[in-house]
2 protein chains.
Amino acid sequence: MAHRPRSEMIAETRGKLIAAARKAFGTVGYAEASMDDFTAEAGLTRGALYHHFGGKKGLLEAVVAQLDSEMSARLNEISSRADNPWQGFVDECTAYIEMALEPEIQRIVHRDGPAVLGDPFQWANQDGCIASLIKSLTTLKAAGFVRPDIEADAAARMINGASVQAALWIANSDDPEATSARAVVAFRAMLEGLRLVHRIQ
Amino acid sequence: MAHRPRSEMIAETRGKLIAAARKAFGTVGYAEASMDDFTAEAGLTRGALYHHFGGKKGLLEAVVAQLDSEMSARLNEISSRADNPWQGFVDECTAYIEMALEPEIQRIVHRDGPAVLGDPFQWANQDGCIASLIKSLTTLKAAGFVRPDIEADAAARMINGASVQAALWIANSDDPEATSARAVVAFRAMLEGLRLVHRIQ
DNA sequence: TGCACATTCATACGATGCGTATGTAAGTCA
DNA sequence: TGACTTACATACGCATCGTATGAATGTGCA
């Protein structure tokens with residue numbers, strides 16, 4: 001094996017650690033994942049982990065950031081190819097729920113992540129999927145689709161909470177298809193409440 | 001000390017363990033709470049803990065059940081003393097958010113609880129606060145306050161998710177008063193979406 | 001009332017996982 | 001090319017957990 005630049009080696013090491021941790025966290029969960037085990041699986045030891053990430057928690061942050069940016073990219077892709085802005089947003093939210101059904105995302109991003117790292121809105125991923133949600137809502141509001149008294153941050157919070165719950169419900173259901181349909185009805189109704197409409201009564 | 005009936009001793013031991021665990025879980029969190037430490041603080045050892053609760057997880061379940069039934073009692077009290085059913089429900093939800101601001105409830109019920117025990121809707125506390133939510137929604141729907149196509153379970157999910165997020169937002173804010181006001185606006189708007197109203201366009 | 005039994009809880013032990021301190025090899029730059 | 005830094009492995013001590021065992025006390029039955 002020829003001499004390779006150090007920066008490449010580092011990137012490879014970090015990547016291997018993140019991948020191994022992601023797999024372990026996603027399957028057995030953060031608390032049950034043994035650092036010795038999954039570093040060994042990556043052909044490394046805890047020494048490398050502590051050097052690059054400071055500890056288990058730091059590695060979780062890195063894993064979450066990776067998942068988050070992947071989700072964000074998928075969401076941007078989806079919302080960008082809609083002609084109606086509101087419909088695009090509804091699509092985005094629906095996709096958000098569907099992604100939360102994936103075990104890796106559900107477990108790491110929506111369960112262990114918040115429990116270990118705290119409030120997701122404080123994770124401050126500039127390119128995270130929550131930032132995407134807020135951005136979408138901001139433009140929607142500016143375009144007059146959302147009630148002017150509702151702030152984008154606040155709406156993003158509600159939507160995030162409801163989405164995760166909806167996904168949890170569907171994932172734990174014994175008839176995911178039917179449950180999904182029922183969840184979407186309630187979820188869209190909730191979104192309608194945020195929308196700017198004229199009412200009587 | 002005279003001979004006391006065994007059932008009393010047991011109840012006292014369980015109570016002491018639950019109280020000590022509740023305090024520890026609420027302050028340092030579930031993962032950081034040492035069983036040796038908080039059992040000793042209760043004047044006991046891990047032996048008693050394993051005997052009565054099977055382990056740390058079982059004790060967490062007991063603590064959560066206690067908090068949950070306390071919350072439920074408070075919610076029932078609040079919703080019962082409202083004249084307008086819908087307003088009573090809004091009050092109940094608002095109280096739910098406010099309770100989630102209490103560190104003990106936020107940490108144990110909304111953070112560590114779901115992470116360790118899984119989906120709160122599966123905890124199956126017959127007298128839990130989620131059951132209260134569902135019950136309130138069921139009666140509201142029967143009375144025609146809620147859109148007929150929305151199921152009580154589904155709505156409870158959305159509301160629960162949104163409430164927890166709202167509470168998290170407020171709790172982590174540097175101006176809780178102002179944040180609370182903004183959160184409530186969005187939350188009520190969301191509730192309006194579930195409500196049965198006549199609309200144009 | 002007395003005794004066998006079940007239950008409650010403490011103690012003791014082994015195993016596992018974590019964090020830090022230290023060592024070593026390899027890359028980098030003057 | 002040699003001093004220095006960086007990347008990672010190794011080794012050690014400590015805390016925590018689960019279980020197996022033991023002692024003490026209340027309880028049910030003759």
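Order of the sequence lines fixes the chain letters, A, B, ..., with proteins taken first and strands second; residue numbering starts at 1 for each chain.
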From the options D:dC8, D:dT16, C:dA10, select the nucleotide whose nearest atom is closest to the side chain of B:Asp37.
D:dT16

Using the side-chain heavy atoms of B:Arg46, tell me which of these nucleotides is nearest: C:dC13, D:dC8, C:dT8.
C:dC13

Starting from [atom2] on [N], measure out to [atom1] on [X] and report it in whole angstrom.
X: A:Ile10; N: D:dT5; atom1: CD1; atom2: P; result: 16 Å
X: B:Phe38; N: D:dC17; atom1: CZ; atom2: C1'; result: 12 Å
X: A:Met9; N: C:dA26; atom1: CE; atom2: P; result: 10 Å
X: A:Leu17; N: D:dA9; atom1: CG; atom2: C1'; result: 13 Å
X: A:Leu44; N: D:dT10; atom1: CG; atom2: C1'; result: 14 Å
X: A:Leu49; N: C:dC18; atom1: CG; atom2: P; result: 9 Å
X: A:Leu59; N: C:dC18; atom1: CG; atom2: P; result: 11 Å
X: B:Phe53; N: C:dT7; atom1: CZ; atom2: P; result: 18 Å

If we ignore angles and hydrogens, is there a donor and acceptor under 3.5 Å between the side chains of B:Ser132 and B:Ser72?
yes

Check the side chains of B:Gln87 and B:Asp83 for a donor-acceptor pair under 3.5 angstrom, ignoring hydrogens and angles.
no

Using a 4.0 Å heavy-atom cut-off, does A:Ala33 contact any base of the nucleic acid, only the sugar-phosphate backbone, or nothing at all?
sugar-phosphate

Using a heavy-atom cut-off of under 4.0 Å over every strand shown, decide if A:Ala31 touches base, sugar-phosphate, or nothing.
nothing

Show me the donor-acceptor pairs within less than 3.5 Å that the side chains of residues 23-33 of chain A make with the rest of the protein, sequence neighbours left out.
| residue | atom | partner | partner atom | Å |
| --- | --- | --- | --- | --- |
| A:Lys23 | NZ | A:Glu41 | OE2 | 2.9 |
| A:Thr27 | OG1 | A:Lys23 | O | 2.8 |
| A:Thr27 | OG1 | A:Ala24 | O | 3.1 |
| A:Tyr30 | OH | A:Lys57 | N | 3.3 |

Side chains of B:Arg111 and A:Pro114, heavy atoms from C-beta outward: is any pair under 4.5 Å?
no

For the pair B:Arg188 and B:Glu192, find out whether any cationic side-chain nitrogen is under 4.0 Å from an anionic carboxylate oxygen.
no

According to a strict under-4.0 Å criterion, is A:His51 in side-chain N/O contact with OP1 or OP2 of D:dA7?
yes

Please check the phosphate of C:dT11 (OP1 and OP2 only) for any side-chain N or O of B:Thr45 closer than 4.0 Å.
no

